[in-house]
Peer 1: 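A single structure is presented below for examination.
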Amino acid sequence: MNTLAFANNDGMLAVRFLLELTALVCFAIWAWRKTPSPWRWVTVVVLPVLIGWAWGAFAVSDDPSRSGETDFETPGPLRLLLEFAVLFGAVAALYHAGFRRAAKWLLAIMVLYQILAYDRIGWLLSH
């Protein structure tokens, strides 16, 4: 039985990967616009790297949308909170960086993705 039938198909995984990259760029934009110089050069690199590290390191073992490996075994609901914090935090970062129209569009895309990936949310909540 494949419980991630839709969320785990190649198209949805590609969209998810693009949303992850977009989120990291949004945090970098926010860091660039909100951090005074010369620290902006540091924060524009460090913030997305830290977020990307957390995204990759804290995972549910045997997650079929990933390799199944994890550095830090994370309960599914906690992983779901991490994913929401990163994806919707990117929307907030973009909004507070002054790109309000883009943030609204990104929010619509993020919500649509989460609706379409409902089976992944269910999987995470049950693990």
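A quick note: this is a predicted structure, and the numbers were derived from the prediction, not measured.
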Peer 1: Is it the case that one hydrophobic cluster holds both Phe84 and Leu125, taking links as side-chain heavy atoms less than 4.5 Å apart, direct or via other members?
Peer 2: yes
Peer 1: Is the count of non-hydrogen atoms from other residues, nucleotides or ligands lying under 6.0 Å from Asp71 atom CG greater than 12?
Peer 2: yes
Peer 1: Tell me whether Phe72 shares a hydrophobic cluster with Leu78, the cluster being built from Ile, Leu, Val, Met, Phe, Trp, Tyr side chains joined at under 4.5 Å.
Peer 2: no
Peer 1: List the atom of Met110, the atom of Leu87, and the distance in Å for their closest heavy-atom pair.
Peer 2: CE-O, 3.5 Å
Peer 1: Can you tell me how far SG of Cys26 sits from CG of Leu21, rounded to the nearest 0.5 angstrom?
Peer 2: 11.0 Å
Peer 1: What closest approach, in Å, do Ala90 and Phe27 show between heavy atoms, and which atom pair accounts for it?
Peer 2: N-CZ, 3.4 Å
Peer 1: Can you confirm whether Phe88 sits close enough to Leu107 that some side-chain heavy atom of one is under 4.5 Å from a side-chain heavy atom of the other?
Peer 2: yes
Peer 1: Please find the pair of heavy atoms, one from Pro48 and one from Val45, that lie closest to each other, and give the distance.
Peer 2: CD-O, 3.4 Å
Peer 1: Does the side chain of Glu83 come within less than 4.5 Å of Leu124's, by heavy atoms?
Peer 2: yes
Peer 1: Please answer: with hydrophobic residues joined when any side-chain heavy atoms are less than 4.5 Å apart, are Leu94 and Leu47 in the same cluster?
Peer 2: yes
Peer 1: Do Arg16 and Glu20 make a side-chain contact, defined as non-hydrogen atoms from C-beta onward lying under 4.5 Å apart?
Peer 2: yes
Peer 1: Are any non-hydrogen side-chain atoms of Val44 and Thr35 less than 4.5 angstrom apart?
Peer 2: no
Peer 1: Search all heavy atoms of Pro75 against all heavy atoms of Val60 and return the closest pair with its distance.
Peer 2: C-CG2, 4.1 Å
Peer 1: Would Leu116 and Leu112 satisfy side-chain contact (heavy atoms from CB on, under 4.5 Å), going step by step from the backbone distance to the final call?
Peer 2: CA-CA 6 Å; Leu116 293 175; Leu112 179 62; 4.2 Å; yes
Peer 1: Parallel under 30°, tilted from 30 to 60°, perpendicular over 60°: which one fits the rings of Trp53 and Phe58?
Peer 2: perpendicular
Peer 1: Can you tell if the side chain of Val86 reaches within under 4.5 Å of the side chain of Leu82, non-hydrogen atoms only?
Peer 2: yes
Peer 1: Assigning hydrophobic clusters by single linkage (Ile, Leu, Val, Met, Phe, Trp, Tyr; side-chain heavy-atom cutoff under 4.5 Å), is Val91 placed with Trp105?
Peer 2: no
Peer 1: Find the distance between CZ (Arg40) and NZ (Lys34) and round it off to the nearest 0.5 Å.
Peer 2: 11.0 Å
Peer 1: Counting distance only, does the side-chain N/O of Thr43 pair as donor-acceptor with the main-chain N or O of Trp32 below 3.5 Å?
Peer 2: no
Peer 1: Indicate, with yes or no, if Leu80 and Ile115 share a hydrophobic cluster defined by side-chain heavy-atom contacts under 4.5 Å among Ile, Leu, Val, Met, Phe, Trp and Tyr.
Peer 2: yes
Peer 1: To the nearest 0.5 Å, tell me how far Trp123 CH2 sits from Asp62 CG.
Peer 2: 7.0 Å
Peer 1: If only atom types and distance count, is the side chain of Arg79 paired as donor or acceptor with the main-chain N or O of Thr74 below 3.5 Å?
Peer 2: no
Peer 1: Would you indicate whether Tyr95, at its atom OH, is surrounded by more than 12 heavy atoms from other residues, nucleotides or ligands within a distance under 6.0 Å?
Peer 2: no
